[in-house]
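Structure first, commentary second.
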Number of protein chains: 2
Amino acid sequence: MTYVSCNMSVMKVVEELRYLVLAIQREGNRLLAAELRPLGITPSQAEVLRVLRDHGPLTLNALGGLLVCETGNSPSRLVDRLVAQGLVKRGIDTIDRRYLALSLTPQGRALHRRIITAENRLHRTMDDRLAGQALDETISTLRSLADAFPTGAALARRRGPALAHQEN
Amino acid sequence: MTYVSCNMSVMKVVEELRYLVLAIQREGNRLLAAELRPLGITPSQAEVLRVLRDHGPLTLNALGGLLVCETGNSPSRLVDRLVAQGLVKRGIDTIDRRYLALSLTPQGRALHRRIITAENRLHRTMDDRLAGQALDETISTLRSLADAFPTGAALARRRGPALAHQEN
DNA sequence: ACGACACGTATGTCATGTCATCTGTTGGTC
DNA sequence: GACCAACAGATGACATGACATACGTGTCGT
């Protein structure tokens with residue numbers, strides 16, 4: 001079968017991994033969107049609320065650096081809609097007026113609690129599909145793929161708040 | 001840690017899986033988009049060309065059923081741009097004029113060969129990141145997640161009927 | 001003080017994705 | 001043959017994502 005190149009089969013495996021990741025991401029996002037629709041927000045918006053809740057007030061850049069759903073360019077418009085819905089407060093740093101100080105409003109905090117419930121429903125669904133398979137090896141494999149990338153690094157930052165950016 | 005519910009840690013693991021999948025999909029897509037940009041097409045368009053090449057002429061619905069990048073609703077606009085670029089021929093079934101008969105043009109076939117080269121560059125990059133880790137368990141875990149979903153079924157269909165698409 | 005530069009944020013543009021709805025075509029029923 | 005439900009595809013609307021660029025603000029060198 002592998003008469004073209006000796007590592008052809010490895011390529012095929014990596015390609016299947018790529019398509020599996022694509023399929024799971026799509027479907028997971030669709031399911032989560034359905035869970036969140038009654039709350040009036042999208043999965044990306046939910047991630048912003050979560051990051052803002054877990055990591056104090058943030059500038060727009062710092063927020064982008066902790067988001068997986070956006071490559072840090074600048075989630076201006078993503079934040080815009082949350083501000084318009086009264087879920088996020090957009091403050092301006094009085095010392096350096098270039099910086100924003102983004103934080104949750106009380107409504108944002110309240111909504112985040114309902115978001116967690118919705119996400120847990122998705123996670124239970126996923127857990128059922130996984131039928132108790134051990135995920136350790138899968139997680140560690142995917143981590144080694146993700147960690148090399150900017151958004152993977154974002155995840156690592158969110159995991160290990162003790163590593164660096166405590167002051168945000 | 002798990003003072004709220006006994007399977008709280010399982011939830012956390014599933015959640016990390018979800019974010020890892022999101023991160024890898026995003027970054028993989030970004031890298032692939034960069035590889036494909038010189039060819040003038042996007043990752044989604046490349047998937048259409050690939051499916052049309054592997055599975056003869058297709059109707060729009062059948063194409064949607066084999067795509068991972070779109071949930072089968074109807075990739076009309078995705079196909080539109082490929083037709084506009086002369087890569088896909090949009091034929092109309094003469095017997096039942098509701099059906100399309102989508103197939104690659106010679107240019108589409110030629111471009112697909114260059115797409116494979118670009119994709120292989122990405123796969124090599126991913127393979128490097130994986131540093132020779134065995135993927136068997138990861139693949140099978142992800143398959144059990146994906147197979148329950150429509151687009152996972154699409155992947156299975158692509159694997160199944162055309163077990164013999166070795167000629168690439 | 002002034003001007004070039006760096007930096008954070010905002011905006012324009014394009015291609016997805018997703019859902020809802022519309023249009024055209026066919027087949028079945030009367 | 002006329003009506004109508006079912007189906008394939010097209011389109012409108014909205015929110016992302018990604019890239020490039022424009023704008024406002026602070027910093028630094030002179």
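Just so it is clear, the model here is predicted, and its values are computed rather than measured. First the proteins, then the strands, lettered A, B, ... as listed; each starts at 1. The basis for the numbers below is simple: all heavy atoms, side chains too, and nothing from hydrogens, waters or symmetry mates.
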Do side-chain atoms of [X] reach the backbone of [Y] as a donor and acceptor pair under 3.5 angstrom?
X	Y	result
A:Thr151	A:Ala154	no
B:Thr59	B:Tyr99	no
B:Arg26	A:Cys69	yes

Verify the contact: side-chain N or O of [X] to OP1 or OP2 of [N], cut-off strictly under 4.0 Å; return yes or no.
X	N	answer
A:Arg81	D:dA15	yes
A:Arg97	C:dC7	no
B:Asn29	D:dG17	no
A:Arg98	C:dA6	no
B:Ser44	C:dG17	yes
B:Arg26	D:dG17	yes
A:Arg90	C:dA10	yes

Just checking A:Ile92: base, sugar-phosphate only, or nothing, at a heavy-atom cut-off of under 4.0 Å?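 No contact at all - A:Ile92 keeps every heavy atom at 4.0 Å or more from the nucleic acid.
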What's A:Ile41 touching, base or sugar-phosphate or nothing? Going by heavy atoms closer than 4.0 Å.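 Nothing, no heavy atom under 4.0 Å.
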Using only modelled atom types and a 3.5 angstrom limit, is any donor from either the side chain of A:Arg77 or the base of D:dG17 paired with an acceptor on the other?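 Not at all, since no donor on one side and acceptor on the other fall under 3.5 Å apart.
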Here's a test of your reading of the structure: between A:Asp96 and B:Leu100, which maps to the more 5' nucleotide of DNA chain D?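 Of the two residues, B:Leu100 wins.
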Residue mapping more 5' on DNA chain D - nearest nucleotide basis, A:Pro43 or B:Ala34: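 Comparing both residues, the 5'-ward one is A:Pro43.
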Starting at the 5' end of DNA chain C and moving along, which residue's nearest nucleotide shows up first, A:Arg37 or A:Tyr99?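 Closer to the 5' end of DNA chain C: A:Tyr99.
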Please figure out whether A:Glu27 or A:Asp80 has its closest DNA chain C nucleotide nearer the 5' end.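 Between the two, 5'-proximity favours A:Asp80.
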For atom [atom1] of [X] and atom [atom2] of [N], their distance in whole Å:
X	N	atom1	atom2	value
B:Leu60	C:dT23	CG	P	19 Å
B:Leu67	D:dG9	CG	P	13 Å
A:Gln25	C:dT16	CD	P	16 Å
B:Asn61	D:dA8	CG	P	5 Å
A:Leu58	C:dT9	CG	P	10 Å
B:Gln85	C:dC14	CD	C1'	13 Å
A:Asp93	D:dT25	CG	C1'	12 Å
B:Leu22	D:dG17	CG	P	8 Å

Looking at A:Glu27 and A:Arg129, is there a salt bridge between them, counting it only when a charged N and a carboxylate O are closer than 4.0 Å?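 Not counted as a salt bridge, because no side-chain N and carboxylate O are separated by less than 4.0 Å.
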Among D:dA15, C:dA15, C:dT25, the one nearest A:Thr42 by side-chain distance: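 So the nucleotide nearest the side chain must be D:dA15.
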By the definition salt bridge (Lys or Arg N to Asp or Glu O under 4.0 Å), identify the one residue from B:Arg114, B:Arg121, B:Arg30 that meets it with B:Glu35.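 The passing option is B:Arg121.
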A:Glu15 pairs by salt bridge (Lys or Arg N to Asp or Glu O under 4.0 Å) with which of B:Arg50, B:Arg159, B:Arg158?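 With A:Glu15 as partner, salt bridge (Lys or Arg N to Asp or Glu O under 4.0 Å) holds for just one option, B:Arg50.
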